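Here's the structure we're looking at; comments come further down.
First listed ligand is number 1; within each ligand, the first listed atom is number 1. Predicted, not measured: the structure shown is a model, and the values here were computed from it.
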Amino acid sequence: KPDFQYIGDSGKKTLWVVFVLMILASAGFTALSWRVPLSKRLYHTITTTITIFAALSYFAMATGHGISVQTITVRHQNDHVPDTFTTVHRQVFWARYVDWSLTTPLLILDLGLLAGMSGGHIIMAIIADLIMILTGLFAALGEEGTPQKWGWYTIACIAYIFVIWHLALNGGANATAKGPKLRTFFVSIAGYTLLLWTAYPIVWGLADGSRKIGVDGEVIAYAILDVLAKGVFGAWLLITHAKLPESDVEL
Ligand code: RET
(Lines give C-alpha, C1' and ligand atoms only; values in the text may rest on other atoms or scores of the structure.)
Protein backbone atom coordinates (compact mmCIF):
# COMPACT_ATOMS: atom_id res chain seq x y z
CA LYS A 1 0.00 0.00 0.00
CA PRO A 2 1.50 3.34 -1.04
CA ASP A 3 1.88 6.29 1.34
CA PHE A 4 2.01 9.66 -0.45
CA GLN A 5 3.82 12.38 1.52
CA TYR A 6 3.08 15.51 -0.50
CA ILE A 7 2.73 19.18 0.33
CA GLY A 8 -0.73 20.33 1.46
CA ASP A 9 -2.52 23.66 1.68
CA SER A 10 -0.69 24.99 4.74
CA GLY A 11 2.68 24.20 3.16
CA LYS A 12 1.76 25.86 -0.15
CA LYS A 13 0.49 28.98 1.61
CA THR A 14 3.68 29.14 3.67
CA LEU A 15 5.83 29.02 0.52
CA TRP A 16 3.94 31.97 -1.00
CA VAL A 17 4.09 33.97 2.26
CA VAL A 18 7.86 33.54 2.50
CA PHE A 19 8.23 34.45 -1.20
CA VAL A 20 6.47 37.77 -0.48
CA LEU A 21 8.45 38.35 2.75
CA MET A 22 11.75 37.84 0.90
CA ILE A 23 10.70 40.33 -1.80
CA LEU A 24 9.75 42.86 0.91
CA ALA A 25 13.05 42.27 2.73
CA SER A 26 14.98 42.81 -0.53
CA ALA A 27 13.12 46.08 -1.13
CA GLY A 28 13.71 47.16 2.48
CA PHE A 29 17.44 46.40 2.34
CA THR A 30 17.70 48.32 -0.94
CA ALA A 31 15.98 51.31 0.65
CA LEU A 32 18.42 51.12 3.60
CA SER A 33 21.34 51.24 1.14
CA TRP A 34 20.17 54.62 -0.18
CA ARG A 35 20.78 56.11 3.25
CA VAL A 36 24.54 55.45 3.15
CA PRO A 37 27.16 56.55 0.58
CA LEU A 38 28.02 54.15 -2.26
CA SER A 39 31.31 53.25 -0.59
CA LYS A 40 29.39 51.83 2.42
CA ARG A 41 26.97 49.59 0.56
CA LEU A 42 28.91 46.32 0.46
CA TYR A 43 26.89 44.58 3.22
CA HIS A 44 23.70 45.92 1.63
CA THR A 45 24.60 44.39 -1.72
CA ILE A 46 25.51 41.01 -0.23
CA THR A 47 22.49 40.89 2.05
CA THR A 48 19.99 41.95 -0.62
CA THR A 49 21.39 39.29 -2.95
CA ILE A 50 20.71 36.71 -0.22
CA THR A 51 17.01 37.60 0.07
CA ILE A 52 16.59 37.86 -3.73
CA PHE A 53 17.98 34.33 -4.16
CA ALA A 54 15.67 33.11 -1.40
CA ALA A 55 12.66 34.76 -3.08
CA LEU A 56 13.56 32.99 -6.36
CA SER A 57 13.84 29.63 -4.64
CA TYR A 58 10.51 30.11 -2.80
CA PHE A 59 8.84 31.11 -6.08
CA ALA A 60 10.18 27.91 -7.64
CA MET A 61 8.90 25.70 -4.81
CA ALA A 62 5.54 27.50 -4.55
CA THR A 63 4.90 26.88 -8.25
CA GLY A 64 6.02 23.25 -8.02
CA HIS A 65 9.56 23.56 -9.34
CA GLY A 66 12.71 22.19 -7.77
CA ILE A 67 10.91 19.23 -6.23
CA SER A 68 11.47 15.55 -6.87
CA VAL A 69 9.72 12.52 -5.42
CA GLN A 70 11.60 9.87 -3.54
CA THR A 71 10.35 6.30 -3.34
CA ILE A 72 11.19 4.37 -0.20
CA THR A 73 10.18 0.80 0.60
CA VAL A 74 9.53 0.34 4.31
CA ARG A 75 9.53 -3.20 5.65
CA HIS A 76 7.34 -4.05 8.66
CA GLN A 77 8.58 -7.04 10.58
CA ASN A 78 6.37 -8.97 12.91
CA ASP A 79 6.92 -12.29 14.66
CA HIS A 80 3.55 -13.74 13.82
CA VAL A 81 2.69 -12.64 10.30
CA PRO A 82 4.81 -12.56 7.14
CA ASP A 83 6.64 -9.28 6.44
CA THR A 84 4.59 -6.51 4.90
CA PHE A 85 5.89 -3.60 2.86
CA THR A 86 4.76 -0.01 2.49
CA THR A 87 5.97 2.14 -0.38
CA VAL A 88 6.46 5.76 0.70
CA HIS A 89 6.52 8.51 -1.93
CA ARG A 90 7.87 11.71 -0.38
CA GLN A 91 8.62 15.05 -1.99
CA VAL A 92 12.20 16.31 -1.73
CA PHE A 93 12.57 20.07 -2.17
CA TRP A 94 15.99 20.22 -3.79
CA ALA A 95 15.51 23.88 -4.81
CA ARG A 96 16.48 24.70 -1.20
CA TYR A 97 19.97 23.37 -1.75
CA VAL A 98 20.44 25.55 -4.84
CA ASP A 99 19.37 28.52 -2.69
CA TRP A 100 21.59 27.51 0.25
CA SER A 101 24.64 26.85 -1.95
CA LEU A 102 24.51 30.52 -3.00
CA THR A 103 23.14 32.20 0.13
CA THR A 104 25.05 30.50 2.95
CA PRO A 105 28.44 31.49 1.43
CA LEU A 106 27.14 35.07 1.21
CA LEU A 107 26.02 34.96 4.87
CA ILE A 108 29.51 33.75 5.79
CA LEU A 109 30.96 36.58 3.72
CA ASP A 110 28.86 39.08 5.71
CA LEU A 111 30.10 37.63 9.01
CA GLY A 112 33.70 37.29 7.81
CA LEU A 113 33.85 40.92 6.65
CA LEU A 114 32.23 42.07 9.88
CA ALA A 115 34.85 40.27 11.95
CA GLY A 116 37.65 41.47 9.65
CA MET A 117 38.76 37.94 8.77
CA SER A 118 41.44 37.54 6.09
CA GLY A 119 40.43 36.55 2.56
CA GLY A 120 42.07 33.16 3.00
CA HIS A 121 40.10 32.33 6.11
CA ILE A 122 36.82 33.52 4.59
CA ILE A 123 37.42 31.33 1.53
CA MET A 124 38.19 28.29 3.70
CA ALA A 125 34.96 28.77 5.67
CA ILE A 126 33.01 29.14 2.41
CA ILE A 127 34.53 25.98 0.94
CA ALA A 128 33.61 23.98 4.06
CA ASP A 129 30.11 25.47 3.80
CA LEU A 130 29.76 24.47 0.13
CA ILE A 131 30.83 20.94 1.01
CA MET A 132 28.19 20.93 3.76
CA ILE A 133 25.37 22.02 1.43
CA LEU A 134 26.32 19.80 -1.54
CA THR A 135 26.82 16.68 0.58
CA GLY A 136 23.53 17.58 2.31
CA LEU A 137 21.90 17.51 -1.14
CA PHE A 138 23.41 14.08 -1.80
CA ALA A 139 21.99 12.94 1.56
CA ALA A 140 18.54 14.24 0.63
CA LEU A 141 18.59 12.44 -2.72
CA GLY A 142 20.37 9.38 -1.31
CA GLU A 143 18.78 5.99 -1.20
CA GLU A 144 17.46 4.70 2.09
CA GLY A 145 19.03 1.50 3.38
CA THR A 146 22.38 2.35 1.76
CA PRO A 147 25.17 4.42 3.34
CA GLN A 148 24.26 7.21 0.89
CA LYS A 149 21.75 8.95 3.09
CA TRP A 150 23.25 9.03 6.59
CA GLY A 151 26.82 8.73 5.28
CA TRP A 152 26.52 11.99 3.35
CA TYR A 153 24.65 13.50 6.30
CA THR A 154 27.57 12.68 8.61
CA ILE A 155 30.05 14.19 6.14
CA ALA A 156 27.89 17.33 5.92
CA CYS A 157 27.86 17.64 9.73
CA ILE A 158 31.66 17.36 9.85
CA ALA A 159 31.92 20.12 7.23
CA TYR A 160 29.55 22.21 9.37
CA ILE A 161 31.89 21.85 12.35
CA PHE A 162 34.70 23.29 10.18
CA VAL A 163 32.48 26.27 9.33
CA ILE A 164 31.79 26.96 13.03
CA TRP A 165 35.44 26.43 13.85
CA HIS A 166 36.63 29.04 11.34
CA LEU A 167 34.04 31.63 12.29
CA ALA A 168 34.37 31.15 16.04
CA LEU A 169 38.15 30.95 16.38
CA ASN A 170 39.34 33.12 13.52
CA GLY A 171 36.34 35.39 13.35
CA GLY A 172 36.30 35.80 17.12
CA ALA A 173 40.01 36.70 17.31
CA ASN A 174 39.73 39.24 14.48
CA ALA A 175 36.58 40.80 15.93
CA THR A 176 38.32 41.23 19.29
CA ALA A 177 41.13 43.11 17.56
CA LYS A 178 38.59 45.61 16.19
CA GLY A 179 37.50 46.77 19.65
CA PRO A 180 34.92 45.87 22.30
CA LYS A 181 31.90 47.36 20.51
CA LEU A 182 32.48 45.36 17.36
CA ARG A 183 33.35 42.26 19.37
CA THR A 184 30.06 42.44 21.30
CA PHE A 185 28.08 42.83 18.08
CA PHE A 186 29.96 40.03 16.31
CA VAL A 187 29.51 37.62 19.23
CA SER A 188 25.75 38.40 19.35
CA ILE A 189 25.01 38.06 15.63
CA ALA A 190 27.35 35.10 15.13
CA GLY A 191 25.82 33.37 18.19
CA TYR A 192 22.34 34.01 16.79
CA THR A 193 23.51 32.55 13.47
CA LEU A 194 25.00 29.50 15.17
CA LEU A 195 21.73 28.74 16.98
CA LEU A 196 19.62 29.07 13.83
CA TRP A 197 21.98 27.18 11.52
CA THR A 198 22.22 24.29 13.98
CA ALA A 199 18.44 23.88 13.78
CA TYR A 200 18.68 23.04 10.03
CA PRO A 201 20.39 19.64 10.41
CA ILE A 202 17.92 18.85 13.23
CA VAL A 203 14.92 19.65 11.00
CA TRP A 204 16.56 17.63 8.22
CA GLY A 205 16.95 14.62 10.51
CA LEU A 206 13.29 14.76 11.55
CA ALA A 207 11.94 15.48 8.05
CA ASP A 208 13.94 14.17 5.06
CA GLY A 209 15.99 11.93 7.31
CA SER A 210 13.57 9.91 9.42
CA ARG A 211 10.20 11.27 8.14
CA LYS A 212 8.96 11.88 11.70
CA ILE A 213 7.49 15.18 10.54
CA GLY A 214 5.42 15.51 7.39
CA VAL A 215 6.07 17.66 4.35
CA ASP A 216 3.97 20.60 5.60
CA GLY A 217 5.76 20.57 8.96
CA GLU A 218 9.08 20.54 7.14
CA VAL A 219 8.08 23.46 4.90
CA ILE A 220 6.89 25.51 7.90
CA ALA A 221 9.98 24.75 10.01
CA TYR A 222 12.40 25.77 7.23
CA ALA A 223 10.25 28.82 6.45
CA ILE A 224 10.59 30.16 10.02
CA LEU A 225 14.34 29.45 10.02
CA ASP A 226 14.85 31.07 6.60
CA VAL A 227 13.02 34.26 7.61
CA LEU A 228 15.10 34.50 10.81
CA ALA A 229 18.44 33.55 9.23
CA LYS A 230 18.08 35.81 6.18
CA GLY A 231 15.50 38.53 6.85
CA VAL A 232 15.94 39.27 10.56
CA PHE A 233 19.69 38.64 10.32
CA GLY A 234 19.98 41.09 7.41
CA ALA A 235 17.93 43.84 9.04
CA TRP A 236 19.94 43.52 12.26
CA LEU A 237 23.27 43.62 10.39
CA LEU A 238 22.42 46.59 8.13
CA ILE A 239 20.83 48.72 10.87
CA THR A 240 23.74 48.12 13.26
CA HIS A 241 26.34 48.67 10.53
CA ALA A 242 25.00 52.20 9.90
CA LYS A 243 25.82 53.21 13.50
CA LEU A 244 29.01 51.20 13.99
CA PRO A 245 32.02 52.70 12.15
CA GLU A 246 34.23 49.78 13.28
CA SER A 247 32.20 47.56 10.94
CA ASP A 248 33.21 49.53 7.81
CA VAL A 249 34.95 47.41 5.20
CA GLU A 250 38.05 48.63 3.38
CA LEU A 251 38.21 46.81 0.04
C1 RET B 1 21.91 20.02 6.06
C2 RET B 1 21.82 18.50 6.09
C3 RET B 1 23.11 17.85 6.26
C4 RET B 1 23.78 18.27 7.53
C5 RET B 1 23.80 19.74 7.72
C6 RET B 1 22.91 20.58 7.06
C7 RET B 1 23.04 22.02 7.34
C8 RET B 1 22.41 23.02 6.76
C9 RET B 1 22.50 24.41 7.11
C10 RET B 1 21.76 25.25 6.39
C11 RET B 1 21.65 26.63 6.56
C12 RET B 1 20.83 27.32 5.80
C13 RET B 1 20.55 28.71 5.86
C14 RET B 1 19.73 29.16 4.94
C15 RET B 1 19.32 30.48 4.71
O16 RET B 1 18.84 31.25 5.45
C17 RET B 1 22.29 20.43 4.64
C18 RET B 1 20.50 20.49 6.37
C19 RET B 1 24.80 20.28 8.71
C20 RET B 1 23.36 24.87 8.22
C21 RET B 1 21.16 29.56 6.89
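Atoms of ligand 1 lying under 4.0 Å from any heavy atom of Tyr153, numbered from 1 in the order shown and given with element: 3 (C), 4 (C).
Contacts of Trp197 with ligand 1, taken as heavy-atom pairs under 4.0 Å, involve both backbone and side chain. Contacts of Thr104 with ligand 1, taken as heavy-atom pairs under 4.0 Å, involve the side chain alone.
At the top of the distance list for atom 5 (C) of ligand 1, counting protein heavy atoms only, stands Pro201 CB, 3.7 Å. Among all non-hydrogen protein atoms, the one lying nearest atom 17 (C) of ligand 1 is Gly136 CA, 3.9 Å. Protein heavy atom closest to atom 8 (C) of ligand 1, with residue, atom name and distance, is Tyr200 CB, 3.7 Å. The protein non-hydrogen atom at the shortest distance from atom 3 (C) of ligand 1 is Ala156 CB, 3.5 Å. Protein heavy atom nearest atom 16 (O) of ligand 1, with residue, atom name and distance: Lys230 CG, 3.0 Å.
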Check: Going through the distances and angles, do Tyr153 and Thr135 end up as a side chain to side chain donor-acceptor pair (under 3.5 Å)?
Finding: CA-CA 7 Å; Tyr153 180 83; Thr135 55; over 6 Å; no

Margin query: Test side chain to side chain donor-acceptor pair (under 3.5 Å) on Ser247 and His241; report intermediate values, then the result.
Written below: CA-CA 6 Å; Ser247 65; His241 170 50; 2.6 Å; yes

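Note: Tyr200 and Trp100 have perpendicular aromatic rings, judged against thresholds of 30 and 60 degrees for the angle between ring planes.
In this structure, the side chain to side chain contact (heavy atoms under 4.5 Å, CB included) partners of Phe59, at least two apart in sequence or on a different chain, are Trp16, Phe19, Thr63.
Looking only at atom types and distance, the side chain of Thr87 has no donor-acceptor partner in the side chain of Asp3 under 3.5 Å away.
Protein non-hydrogen atoms do reach within 4.0 Å of atom 14 (C) of ligand 1.
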